[in-house]
Amino acid sequence: LFKRLLQEFPDNLELLHELATTYIRSENDEAALSIYQQILKRDRNDFAALIGLGGIYRRLGRFEESVGVLERALALDGNSTQTYYTLGFTYKQMGLFDDALECFDRVIEQNPEDILAYNHLGCIYSLRGDSKNAIASYHRGLQLDANHPILHYNLAHEYEKLGYYDEVIGEYEAALRAKPDWSEAVNGYEVFLMSHNLCKEAYSILCQGIEVAPENIHLQRSMGMVQLRRSEYQDAGQRFEAVLRQEENDS
C-alpha cells in the first residue's frame with residue numbers, strides 16, 4: 001500500500017517514514033536502511049531518520065556508523081532521550097560501558113521516572129562486573145514500581161553472583177508474583193533451585209508455571225528433567241514424548 005501511494009506521491013516524507021517503520025517491524029532492516037537513506041538525501045537533518053538509521057546500523061553491527069548518525073541527531077537536539085537510548089544501546093554492544101552508562105544517566109536526567117533506564121543502567125553495571133551499582137540501579141527502579149518483574153528478575157541474577165541465595169529466592173518470587181506466566185523467570189528459578197538440590201521446590205514452581213502456560217514447551221521440558229530427578233520415569237517419558245510431538249507440529 002505504501003509503495004503504491006509513493007508511486008503517486010514520491011516526495012511524501014511521511015509515507016517514506018511509514019514504509020521504513022513497516023520494514024523494521026517486519027525485521028527487514030536492509031530495506032528500511034535504503035528508505036532512510038532516501039529520506040536523508042532529501043533532508044540531511046531529518047531527526048527521525050537519523051534515529052532510525054542509528055538503530056539499524058547497530059543491529060547490523062555497523063557500530064561506528066551508528067554512533068556517527070546518532071551524534072548528528074544529538075547536534076540537532078542535545079536533550080533527546082530517544083537519541084541517548086539508541087546511542088547507549090550501541091555503546092553497550094561495542095563494550096564501551098562507561099559511554100553507555102553516561103547515555104542512560106542523561107536519559108534519567110531528562111526523565112527521572114524512566115524505570116527501564118534504571119534497568120539498563122543495572123545491566124551495564126553488571127556487564128562491567130560492578131554488582132554493587134547494578135543492585136543499586138535496580139532498586140532505584142523498584143522505588144518507582146515495586147512490582148516490576150524485569151527488575152526483580154535481574155536482581156535475582158545479580159544476587160546469585162554474590163551467593164546471596166535467600167535474596168535470589170525472594171526476587172524470583174517477586175518477579176513471578178508480578179508476572180506468573182513468565183516462562184523465562186520460571187525456568188531461571190527452577191534451574192537455580194535444582195542447582196541447590198531443592199527438587200521439591202523446583203517441581204512446585206514448574207507446576208505453577210505449567211498451570212498458567214500449559215503449552216509452553218520449555219516449561220514442559222524442564223518438568224520432564226525434574227521428574228527424572230524424582231525417579232518418576234514413566235511420567236517423564238510421557239512428558240518428553242508430548243514435547244517431541246509438539247515440536248513436530250510446530251515445525
Donor-acceptor pair, side chain of Ser34 and main chain of Ala31, under 3.5 angstrom: no
Leu219 to Ala213 - nearest heavy-atom pair and separation: CD1-O, 4.3 Å
Ser80 side chain reached by Gln110 side chain, heavy atoms, under 4.5 Å: no
Expected output: side-chain Ser126 to main-chain Gly122 donor-acceptor under 3.5 Å: no
Residues, nucleotides or ligands: over 12 heavy atoms within 6.0 Å of Glu113 CD: no
Hydrophobic cluster identity match, Leu198 and Val191, side-chain contacts under 4.5 Å: no
Linked, directly or transitively: Ile217 and Ile210 (ILVMFWY side chains, under 4.5 Å): no
Pair Asn216-Ser183, side-chain hydrogen bond (donor to acceptor under 3.5 Å, both in side chains): steps then yes or no: CA-CA 7 Å; Asn216 189 293; Ser183 62; 3.1 Å; yes
Stepwise side chain to side chain contact (heavy atoms under 4.5 Å, CB included) test for Gln227 and Tyr233: CA-CA 7 Å; Gln227 287 173 323; Tyr233 301 120; over 6 Å; no
Check: Tyr85 ring centroid to Phe104 ring centroid under 6.0 Å: yes
Connected via hydrophobic side-chain network under 4.5 Å: Val212 and Ile205: no
Gap separating the CG atom of Leu16 from the CD1 atom of Ile35, nearest 0.5 angstrom: 6.0 Å
Test log, rule side-chain hydrogen bond (donor to acceptor under 3.5 Å, both in side chains), inputs Glu102 and Tyr84: CA-CA 9 Å; Glu102 183 178 344; Tyr84 280 114; over 6 Å; no
Atom CZ of Phe97: over 12 foreign heavy atoms under 6.0 Å: yes
Arg229: side-chain contact (heavy atoms from CB on, under 4.5 Å) partners, not counting sequence neighbours: Met194, Asn197, Cys199
Minimum side-chain heavy-atom gap Tyr138-Asn119 below 4.5 Å: yes
Audit row: Thr83, Asp77, side chain to side chain contact (heavy atoms under 4.5 Å, CB included) steps and yes/no: CA-CA 9 Å; Thr83 308; Asp77 181 359; 6.0 Å; no
Non-hydrogen atoms of Ala20 and Ala32 that approach each other most closely: O-CB, 3.6 Å
Side-chain (Thr90) to main-chain (Thr86) donor-acceptor, under 3.5 angstrom: yes
Residue pairs involving residues 33-58 (criterion salt bridge (Lys or Arg N to Asp or Glu O under 4.0 Å); sequence neighbours excluded): Asp11-Arg42
Minimum side-chain heavy-atom gap Arg140-Ile108 below 4.5 Å: yes
Leu53 side, atom CG; Arg72 side, atom CZ - distance, nearest 0.5 Å: 8.0 Å
Glu211 CD: over 12 foreign heavy atoms closer than 6.0 Å: no
Atom pair CZ (Arg128) and CG (Asp98), whose distance is rounded to the nearest 0.5 Å: 5.0 Å
Side-chain touch Glu167/Leu162, heavy atoms, less than 4.5 angstrom: no
Side chains of Glu201 and Tyr189 in contact at under 4.5 Å (non-hydrogen atoms): no
From Leu144 atom CG to Asp114 atom CG, the distance as rounded to the nearest 0.5 Å: 9.0 Å
Tyr153 side chain vs His148 backbone, donor-acceptor pair below 3.5 Å: no
Non-hydrogen atoms of Ala73 and Ile51 that approach each other most closely: CB-CD1, 3.9 Å
Shortest non-hydrogen contact from Ala175 toward Trp182: CB-CZ3, 4.5 Å
Side-chain (Ser204) to main-chain (Lys200) donor-acceptor, under 3.5 angstrom: no
Test item: Arg239 and Glu232 side chains (from C-beta on) under 4.5 Å apart, heavy atoms: no
Joint cluster assignment, Val186 & Met225, ILVMFWY side-chain distance < 4.5 Å: no
Side chain to side chain contact (heavy atoms under 4.5 Å, CB included) between Ile135 and Tyr125, worked out: CA-CA 9 Å; Ile135 290 170; Tyr125 277 123; over 6 Å; no
Phe240 versus Gly224, closest heavy-atom pair with distance: CZ-C, 3.4 Å
Stepwise side chain to side chain contact (heavy atoms under 4.5 Å, CB included) test for Tyr91 and Val67: CA-CA 8 Å; Tyr91 282 139; Val67 171; 3.8 Å; yes
Backbone of Pro214 reached by a side-chain donor or acceptor of Gln220 within 3.5 Å: yes
Pairwise distance CG(Asp145) to CG(Leu151) - rounded to 0.5 angstrom: 7.5 Å
Close side-chain approach of Leu74 to Arg106, heavy-atom, < 4.5 Å: no
Cationic N near anionic O, under 4.0 Å, Arg245 to Glu248: no
His152 side, atom NE2; Lys179 side, atom NZ - distance, nearest 0.5 Å: 13.5 Å
Residue pair Leu142 / Leu155, side-chain heavy-atom distance below 4.5 Å: yes
Closest contact, heavy atoms only, Asn187 versus Leu206: OD1-CD2, 4.5 Å
Path from Leu76 to Leu40 over hydrophobic side-chain contacts below 4.5 Å: yes
Sidechain-backbone polar pair: Thr21 side chain, His17 backbone, donor-acceptor under 3.5 Å: yes
